[in-house]
Amino acid sequence: MLQIAEIRENKDVFAKALQKRNIDALPLLENAIKVDEQRRSIQGQLDETLAKSNKLSKEIGELYKSGKAAEANELKKQTADLKESSKQLGDQLNEAVVKLQTLLYEIPNIPQESVPAGNTDEDNEVVSQHGEIPVLHEGAKPHWELVKDYDIIDFELGNKITGAGFPVYKNKGARLQRALINYFLDKNTEAGYDEMQVPHLVNEASGYGTGQLPDKEGQMYHVGVDDLYLIPTGEVPITNIYRDTILEAKDFPITMTGYTPCFRREAGSYGSDVRGLNRLHQFDKVEILRIEHPDKSDGALDAMVVHVKGILEELELPYRILRLCGGDLGFTSTLTYDFEVYSTAQEKWLEVSSVSNFKTFQANRLKLRYRAEKGTELAHTLNGSALALPRILASILENYQTTDGIKIPKVLIPYCGFDTID
RNA sequence: GGAGAAGUGGCAGAGUGGUCGAAUGCACUGGUCUUGAAAACCAGCGAGGGUCACACCUCCAGGGGUUCGAAUCCCUUCUUCUCCGCCA
């Protein structure tokens, strides 16, 4: 959520930057400013009323103490009006605050200068491409056939137990899955990220903190009886560790990693995009997060990109890096790099990581600040996947297939304990 | 799940209807002293709104209520602790 004080000062700049998202934000911003003015005016009146009644109350107290009960009772009569109007003003203030809040929730984050203009994922800018796209043997198959042939992932079983999008990983498939999680966590902790193991269900406040609520409510599974949400990403619980926190400047940077399953309803998805492992209701992901001083967040994003590159290089998968265009940029992000791995058998690029700088957008909701020279300032938050499992798994299976079985990438062999799936 | 107790500033811990945004100690910051450090002493030190800056307003787990006035009384939710029960 943007800060109203910032909006007040940078209305036109913000509106211009938001054009990259193909929205005309000026009316939204102006409306927010208007409501904020109302809010401040009401607040002023309320404060004045409260100041008066505070003063009266003090006088009444002193009169009682000095035994002048009659005079005190006289003053009491004056408080009734004040009480009534402060109640009314309080209600009005509340209304204005909620209204402002609602408006602010609707305004997405300001894209950075470098974000390219564009509408859809076709307009994303390819920053770089790496690795060799392998030439597969005759009759190479997409992963959903391979997993059947080798009996390592069973979608039908998942259907039986739960429903579509909840696969069962079997034997070497399960082992490879575990290997990937451990490998990713090791890479991240070697790079200095502190490993966290967090709850997989979160409360409403956490959902608001990272921005899943109120707008993406439909994407999360909700446990009604206990009013808890299954996490759609580890970002939610891990970032919320620092909700309502004031850091010291020396605490920066805070770097964390964690493995969690992720649960997404994916309402409205269909077609070949959801085939096999391409889109699931439950999947595994290892996440990296950083909390940074505002001066350092741009550099931190670059460092995260380098880190994810390193992992993909080790896995020897062909990949490319995209800078998301304004139309494809997530609501809460100022700048996002997507990593896509090439699936040779499907002949398409699969997104395996998304690395973003949210600047103060999440921190404002989280009330995540640090002590600055004077007062407190909002910190910057960043996160990225390092990495999401299913599509990495899919591309390993597809790109490493041979007529003698599926080879395991060298770095994973020690984690798996085997070098071929056959 | 049942019974009881409790939730106050970074931490510890006073405060049970007015002068309390809150004693005191620790921690922290600045200063004096010292060759330097420690100790001692002096000063400062929560957050949010508001203002050019003050003033002023709000916040003592969350929400609601009583009262001229609430950290303090009442209701409710949450959390923690103790005992009992159940249990991976």
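Every chain is numbered from 1 and lettered A, B, ... according to where its sequence line falls, protein lines coming before strand lines. Computed from heavy atoms alone, side chains included, the values below leave out hydrogens, waters and symmetry copies.
- Figure legend. B:G44 is base-paired to B:C28; pairs are counted as Watson-Crick or G-U wobble with both atom distances under 3.5 Å.
- Ring centers of A:F263 and A:H200: at least 6.0 Å apart, outside the cut-off.
- Comparing the C1' positions of B:C83 and B:G48 gives a spacing of 41 Å, expressed to the nearest Å.
- For the pair A:R369 and A:N94, both in contact range of RNA chain B, the more 5′-proximal nearest nucleotide belongs to A:R369.
- A:T49 comes within 4.0 angstrom of nothing in the nucleic acid, heavy atoms only.
- Between A:P108 and A:I23 there is a side-chain heavy-atom pair separated by less than 4.5 Å.
- A:T334 and A:N357 share no side-chain donor-acceptor pair at under 3.5 Å.
- Across all strands shown, B:A23 has no partner, as no Watson-Crick or G-U wobble contact with both distances under 3.5 Å is found.
- At whole-Å resolution of the value, CG in A:N364 and P in B:A47 are 17 Å apart.
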Expected rows: protein N/O vs nucleotides 19-21 of chain B N/O, under 3.5 Å:
from	atom 1	to	atom 2	distance (Å)
B:U19	O4	A:K65	NZ	2.5

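- For the pair A:K172 and A:F418, the cation-pi test (distance below 6.0 Å, angle within 45°) is passed.
- Going from the C1' atom of B:U67 to that of B:C74 covers 12 Å, rounded to whole Å.
- To the nearest whole angstrom, the two C1' atoms, one in B:G30 and one in B:C45, are 10 Å apart.
- Using P as the reference atom, B:G62 and B:C52 are 31 Å apart when rounded to the nearest Å.
- Proximity of A:R371 to the phosphate of B:A47: a side-chain N or O atom is located under 4.0 Å from OP1 or OP2.
- Nucleotides B:U32 and B:G18, compared at atom C1', are 41 Å apart to the nearest Å.
- Spacing between atom CG of A:L75 and atom P of B:G18 amounts to 19 Å, rounded to whole angstrom units.
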Annotated protein contacts, base or backbone, on nucleotides 49-56 of chain B with a non-hydrogen cut-off under 4.0 Å, one of B, S, - each:
BSS----S
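- Here the C1' atom of nucleotide B:G69 and the NZ atom of A:K83 are 9 Å apart, to the nearest Å.
- With the nearest nucleotide of RNA chain B identified for both A:G61 and A:I246, A:G61 has the one nearer the 5' end.
- Taking the six-membered ring where the residue is Trp, the centroids of A:F184 and A:Y259 are separated by 6.0 Å or more.
- Here the P atom of nucleotide B:C78 and the CG atom of A:D227 are 11 Å apart, to the nearest Å.
- Rounded to whole Å, the P atom of B:U19 lies 13 Å from the corresponding atom of B:U72.
- Proximity of A:K76 to the phosphate of B:U67: no side-chain N or O atom is located under 4.0 Å from OP1 or OP2.
- For A:E248 and A:K250, the salt-bridge test fails: no basic side-chain N is under 4.0 Å from an acidic carboxylate O.
- For A:R40 and A:D36, the salt-bridge test passes: some basic side-chain N is under 4.0 Å from an acidic carboxylate O.
- With hydrogens and angles disregarded, a donor-acceptor distance shorter than 3.5 Å links the side chain of A:T255 to the backbone of A:G192.
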Report the C-alpha separation of A:Q346 and A:R275 in whole Å, then their side-chain angles, then the decisive distance to 0.1 Å, and conclude whether the side chain to side chain contact (heavy atoms under 4.5 Å, CB included) test is met.
CA-CA 10 Å; A:Q346 293 183 63; A:R275 199 85 196 268; 5.7 Å; no
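- Contact annotation: A:S57 does not reach the phosphate of B:A70 (side-chain N/O to OP1 or OP2, under 4.0 Å).
- Note: CZ (A:R243) to C1' (B:A61) measures 13 Å, nearest angstrom.
- Contacts classified as ring pair (Phe, Tyr, Trp, His ring centres under 6.0 Å) and involving residues 147-173 of chain A (residues at least two apart or in different chains) are given here: A:F166-A:H281.
- Under the Watson-Crick or G-U wobble criterion, with both distances below 3.5 Å, B:U16 is left unpaired in every strand shown.
- With P as the reference atom, B:C54 and B:A70 are 27 Å apart, rounded to whole Å.
- B:C59 atom P lies 16 Å from atom NZ of A:K367, rounded to whole Å.
- Taking the P atoms as reference points, B:A22 lies 14 Å from B:A47, given to the whole Å.
- Judged by distance alone, the side chains of A:N240 and A:R243 do bring a donor and an acceptor atom under 3.5 Å apart.
- B:A53: no Watson-Crick or G-U partner with both key distances under 3.5 Å is found in any strand.
- Following rounding to the nearest Å, A:K87 (NZ) and B:G69 (P) show an atom-to-atom distance of 13 Å.
- Within the shown strands, B:A6 is the pairing partner of B:U79 under the Watson-Crick or G-U definition, both distances less than 3.5 Å.
- Rounding to whole angstrom units, CG of residue A:L82 and P of B:G69 are separated by 10 Å.
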